[in-house]
Amino acid sequence: MVGMKPKDAVPSGAVKFFGAGTAACIADLVTFPLDTAKVRLQIQGESHAAEGANATKYRGVFGTITTMVRTEGPRSLYNGLVAGLQRQMSFASVRIGLYDSMKQFYTRGTESAGIVARLMAGCTTGAMAVAFAQPTDVVKVRFQAQVRLADGGRRYNSTIEAYKTIARDEGVRGLWKGCMPNITRNAIVNCAELVTYDMIKELILKYDLMTDDLPCHFCAAFSAGFCTTVVASPVDVVKTRFMNSGAGQYNSAISCALNMLRNEGPTAFYKGFMPSFLRLGSWNIVMFVTYEQIKRGMTRAQHYWESPL
């Protein structure tokens with residue numbers, strides 16, 4: 001990312017890689033209930049004939065959270081957390097931790113990067129990350145949505161069981177369900193999130209509006225969260241619906257999108273927008289602020305270790 005002062009040691013690739021994964025896990029721990037509420041709102045109404053169709057309808061972000069706590073207990077807000085943390089360690093490490101390296105690759109090592117190079121770097125690392133994290137994403141979504149599928153029962157009892165059950169019942173390809181819409185979504189998300197954060201932070205520092213510290217990181221992260229939600233919400237809803245669907249429910253992600261448009265109208269693509277924004281906005285703030293601090297702390301520790309005197 002931009003903004004490193006000359007006196008600051010430049011963080012290594014390893015520091016960025018592990019720092020991004022750690023910061024993303026911390027952000028997930030803080031914002032996971034909002035993500036779960038988003039998933040419940042996104043899948044609501046997808047099939048009135050589906051099992052569990054008589055379940056309580058959710059209304060709004062906090063209404064969804066309140067209903068879940070009342071009917072399923074507080075722990076339901078963290079359904080799929082283990083898979084979520086697995087996802088962030090493998091996913092965020094690649095898409096965020098390798099962004100600067102990929103940006104330098106596209107600019108052939110020069111310090112100045114244009115919008116095209118930034119977008120290409122964001123698309124590349126976003127797509128690469130899906131290759132590592134898709135099974136964890138499928139399991140996370142299934143856990144977050146599983147209450148709608150049975151009366152009092154649970155679709156999966158543990159994360160390991162979920163991986164095994166999906167592979168057994170749907171084949172290994174089941175763990176990669178929704179891979180193409182997920183690649184599309186994460187290329188879009190990565191571009192909107194990282195490029196927006198990068199450019200806004202650069203402008204703030206260029207015009208001396210703030211110093212390269214917490215308030216600057218906060219403003220840039222909040223802006224990145226809003227832009228990302230607006231751009232990525234339609235693809236995110238389709239991805240969630242398709243990943244959570246039963247075998248044969250949809251032929252493809254395109255079929256899922258067309259079915260949504262036909263049965264629920266265009267507004268279906270923005271179902272769960274408020275929890276998506278609250279989640280992405282807060283997630284971006286926690287993640288980027290934490291990431292910047294982890295980078296600085298690990299870089300200074302590494303520098304001190306190599307040159308203690």
Side-chain angles (χ1 to χ4, degrees), residues 13-14 16-32 34-36 38-39 42 78-102 121-146 156 158-167 170-194 224-225 228 232-233 235-245 253 276 279-280 283-284 286-288 290-291 294:
K16 293 177 182 177
F17 187 86
F18 290 107
T22 303
C25 285
I26 293 171
D28 245 27
L29 286 169
V30 174
T31 64
F32 205 81
L34 292 171
D35 191 38
T36 302
K38 178 204 73 171
V39 169
Q42 286 178 336
Y78 282 89
N79 280 345
L81 178 62
V82 174
L85 295 179
Q86 291 172 349
R87 174 182 180 272
Q88 292 299 350
M89 279 307 299
S90 57
F91 182 74
S93 297
V94 174
R95 78 176 184 91
I96 299 171
L98 298 183
Y99 172 74
D100 282 340
S101 299
M102 196 57 62
C123 285
T124 302
T125 58
M128 287 171 57
V130 175
F132 292 94
Q134 181 67 11
T136 62
D137 207 6
V138 171
V139 171
K140 178 183 82 75
V141 168
R142 296 282 183 93
F143 260 104
Q144 289 175 313
Q146 71 176 341
Y156 310 110
S158 69
T159 305
I160 298 299
E161 180 193 343
Y163 286 116
K164 291 180 179 178
T165 301
I166 294 171
E170 304 173 42
V172 176
R173 291 181 61 184
L175 290 170
W176 299 91
K177 195 169 192 175
C179 187
M180 286 312 298
N182 209 13
I183 287 177
T184 303
R185 173 195 179 269
N186 285 300
I188 293 171
V189 166
N190 226 34
C191 286
E193 190 174 82
L194 295 181
T228 304
S233 187
V235 181
D236 190 34
V237 175
V238 173
K239 181 213 76 166
T240 300
R241 292 279 187 97
F242 191 61
M243 280 184 176
N244 185 59
S245 64
S276 290
R279 191 258 176 184
L280 269 176
W283 191 91
N284 271 270
V286 176
M287 198 287 298
F288 279 116
T290 306
Y291 179 44
I294 289 175

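In what follows, residues are counted from 1 in the order of the sequence shown.
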Legend entry - Closest contact, heavy atoms only, V286 versus A27: CG1-CA, 3.6 Å
Legend entry - Separation between CG of L175 and CD of E170, rounded to the nearest 0.5 Å: 8.0 Å
Inset, instruction - Answer yes if the side chains of Q86 and Y163 hold a donor-acceptor pair under 3.5 Å, and no otherwise. - result: yes
Legend entry - Nearest heavy atoms of S90 and A133, plus distance in Å: OG-CB, 3.6 Å
Legend entry - From N182, V94, T184, residue fulfilling side chain to side chain contact (heavy atoms under 4.5 Å, CB included) relative to V130: N182
Inset, instruction - Please state whether the rings of Y156 and F143 are parallel, tilted or perpendicular, taking 30° and 60° as the class boundaries. - result: tilted
Legend entry - Between CZ on residue R95 and SG on residue C123, distance to nearest 0.5 Å: 12.5 Å
Inset, instruction - Check for a donor-acceptor pair, side chain of S93 on one end and backbone N or O of F18 on the other, with a separation under 3.5 Å. - result: no
Legend entry - Side-chain donor/acceptor of R142 to backbone N/O of M243, under 3.5 Å: yes
Legend entry - Heavy atoms from other residues, nucleotides or ligands near CZ of F17 exceed 12 (cutoff 6.0 Å): yes
Inset, instruction - Quick one: list whatever passes salt bridge (Lys or Arg N to Asp or Glu O under 4.0 Å) with D35, sequence neighbours left out. - result: K38, K140, R279
Legend entry - From OG1 (T31) to CD1 (I26), nearest 0.5 Å: 11.5 Å
Inset, instruction - To the nearest 0.5 Å, tell me how far T36 OG1 sits from N79 CG. - result: 6.5 Å
Inset, instruction - Search all heavy atoms of V139 against all heavy atoms of A83 and return the closest pair with its distance. - result: CG1-CB, 3.8 Å
Legend entry - Under 3.5 Å donor-acceptor, N190 side chain and N186 backbone: no
Inset, instruction - Determine, stepwise, if the pair I96 / M287 fulfils side chain to side chain contact (heavy atoms under 4.5 Å, CB included). - result: CA-CA 10 Å; I96 299 171; M287 198 287 298; 3.5 Å; yes
Legend entry - Donor-acceptor contact below 3.5 Å, side chain T125 vs main chain L98: no
Legend entry - Separation between CE of M102 and CG of L194, rounded to the nearest 0.5 Å: 12.5 Å
Inset, instruction - Please check if atom OH in Y78 has more than 12 non-hydrogen atoms from other residues, nucleotides or ligands closer than 6.0 Å. - result: yes
Inset, instruction - Could you grab the distance from atom CD of Q42 to atom CD of Q144, nearest 0.5 Å is fine? - result: 9.5 Å
Inset, instruction - Flag the pair R87 and D28 as a salt bridge only when some basic side-chain nitrogen lies within less than 4.0 angstrom of an acidic carboxylate oxygen. - result: no
